[in-house]
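Everything on this sheet refers to the single structure shown next.
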Amino acid sequence: VLVQLPYCAINRLCLTMDEKLFICGGWWNGYQLRKCCVYNLDGTQTAEITINDMIHAHQCSGICEWKERGNKIVVAAGFPENKFVEEYDCVKNTWIDLPKLNDKHVAYPALLPSSNLLFCIGGVYGGDMDLGCVELYDSRDRNNKWMF
C-alpha cells in the first residue's frame with residue numbers, strides 16, 4: 001500500500017498536477033462526497049496544502065487542469081444528473097462555481113481545456129445510451145454560459 005486514503009469511497013476523481021496527486025469526491029454509504037485530499041507523488045501526504053471541500057458533491061465526474069487560468073482544477077458533471085461545474089484555485093484554496101452545463105454528462109465526461117476554452121464531452125445517461133453531447137465554455141464570453 002502506497003498510502004492509506006483518509007476516507008472510504010468509490011467513483012473518485014483523480015488528477016496529477018505539479019507533482020501532486022489530487023483525489024476528490026466519490027460515493028460512500030449512500031452519500032455523494034465533497035471531500036478532497038492531496039499527496040506528493042512519492043506517496044507522502046502533502047503538509048503545505050489542505051484542500052477545502054468542493055462546493056457540490058461529485059462522483060463519476062470529469063476533472064482536468066486548466067493551465068491557462070492559472071493552474072486551476074476543474075470538476076464537472078457526474079452522477080446523478082449533475083450539471084455543476086466548479087474550479088479550484090490552489091493558491092487561494094477556494095472552489096468557485098462556473099456556469100452550470102446545459103445537459104447531463106453523467107458518467108465520466110471528458111474535460112478538455114484549450115487556451116480560454118473548456119470542452120465537456122460525452123458521458124453516459126440511461127445505462128449504455130451515449131449522451132452524444134459536446135458543450136463549450138469560453139471564459140472570455142460575457143454571457144458566461146455553456147454553449148452546444
Whether [X] side chain and [Y] backbone form a donor-acceptor pair below 3.5 Å:
{"X": "His105", "Y": "Gly122", "result": "yes"}
{"X": "Gln32", "Y": "Gly26", "result": "no"}
{"X": "Asp18", "Y": "Lys20", "result": "no"}
{"X": "Trp95", "Y": "Glu86", "result": "no"}
{"X": "Ser139", "Y": "Asn116", "result": "yes"}

Does [X] reach the side chain of [Y], with side-chain heavy atoms less than 4.5 Å apart?
{"X": "Ser61", "Y": "Tyr108", "result": "no"}
{"X": "Cys120", "Y": "Leu101", "result": "yes"}
{"X": "Phe22", "Y": "Cys36", "result": "no"}
{"X": "His58", "Y": "Leu13", "result": "yes"}

Nearest atoms (heavy-atom pairs only) where [X] meets [Y]:
{"X": "Leu21", "Y": "Cys14", "value": "CD1-CB, 4.5 Å"}
{"X": "Trp28", "Y": "Cys8", "value": "CB-O, 3.3 Å"}
{"X": "Ala9", "Y": "Gly25", "value": "CB-O, 4.1 Å"}
{"X": "Trp146", "Y": "Pro99", "value": "NE1-O, 2.9 Å"}

What distance separates [X] [atom1] from [Y] [atom2], expressed to the nearest 0.5 Å?
{"X": "Asp103", "Y": "Lys83", "atom1": "CG", "atom2": "NZ", "answer": "6.0 Å"}
{"X": "Leu98", "Y": "Asn144", "atom1": "CG", "atom2": "CG", "answer": "7.5 Å"}
{"X": "Lys35", "Y": "Cys24", "atom1": "NZ", "atom2": "SG", "answer": "12.0 Å"}
{"X": "Thr94", "Y": "Ile51", "atom1": "OG1", "atom2": "CD1", "answer": "11.5 Å"}
{"X": "Ile23", "Y": "Thr16", "atom1": "CD1", "atom2": "OG1", "answer": "11.0 Å"}
{"X": "Leu136", "Y": "Leu117", "atom1": "CG", "atom2": "CG", "answer": "5.5 Å"}

Can you list every salt bridge (charged side-chain N to carboxylate O under 4.0 Å, His left out) pair that touches residues 137-148, not counting sequence neighbours? Asp138-Arg140

Between Phe79 and Lys104, is the side chain to side chain contact (heavy atoms under 4.5 Å, CB included) condition met? List the steps. CA-CA 9 Å; Phe79 183 84; Lys104 303 168 204 153; over 6 Å; no

Regarding [X] and [Y], is there a side-chain donor-to-acceptor distance under 3.5 Å anywhere?
{"X": "Glu135", "Y": "Asn102", "answer": "yes"}
{"X": "Tyr88", "Y": "Asn93", "answer": "yes"}
{"X": "His56", "Y": "Asp97", "answer": "yes"}

Walk me through it: do Gln59 and Leu33 pass the test side chain to side chain contact (heavy atoms under 4.5 Å, CB included)? CA-CA 7 Å; Gln59 69 164 316; Leu33 304 174; over 6 Å; no

Step by step, would you call Cys64 with Leu118 a side chain to side chain contact (heavy atoms under 4.5 Å, CB included)? CA-CA 10 Å; Cys64 72; Leu118 180 64; 3.9 Å; yes

Count I, L, V, M, F, W, Y as connected when their side-chain heavy atoms are under 4.5 Å apart, and connections chain through other members. Are [X] and [Y] then in the same cluster?
{"X": "Tyr7", "Y": "Tyr39", "answer": "yes"}
{"X": "Leu112", "Y": "Val134", "answer": "yes"}
{"X": "Phe84", "Y": "Val106", "answer": "no"}
{"X": "Ile55", "Y": "Leu15", "answer": "yes"}

Extract all donor-acceptor atom pairs below 3.5 Å that involve side chains of residues 66-77 and protein atoms in other chains or at least two apart in sequence.
{"unit_1": "Trp66", "atom_1": "NE1", "unit_2": "Ser115", "atom_2": "O", "d": "2.9"}
{"unit_1": "Arg69", "atom_1": "NE", "unit_2": "Glu87", "atom_2": "OE2", "d": "2.6"}
{"unit_1": "Arg69", "atom_1": "NH2", "unit_2": "Glu87", "atom_2": "OE1", "d": "3.0"}
{"unit_1": "Arg69", "atom_1": "NH2", "unit_2": "Glu87", "atom_2": "OE2", "d": "3.2"}
{"unit_1": "Lys72", "atom_1": "NZ", "unit_2": "Arg69", "atom_2": "O", "d": "3.3"}

In terms of heavy-atom contacts, does OH of Tyr31 have more than 12 from other residues, nucleotides or ligands at under 6.0 Å? no

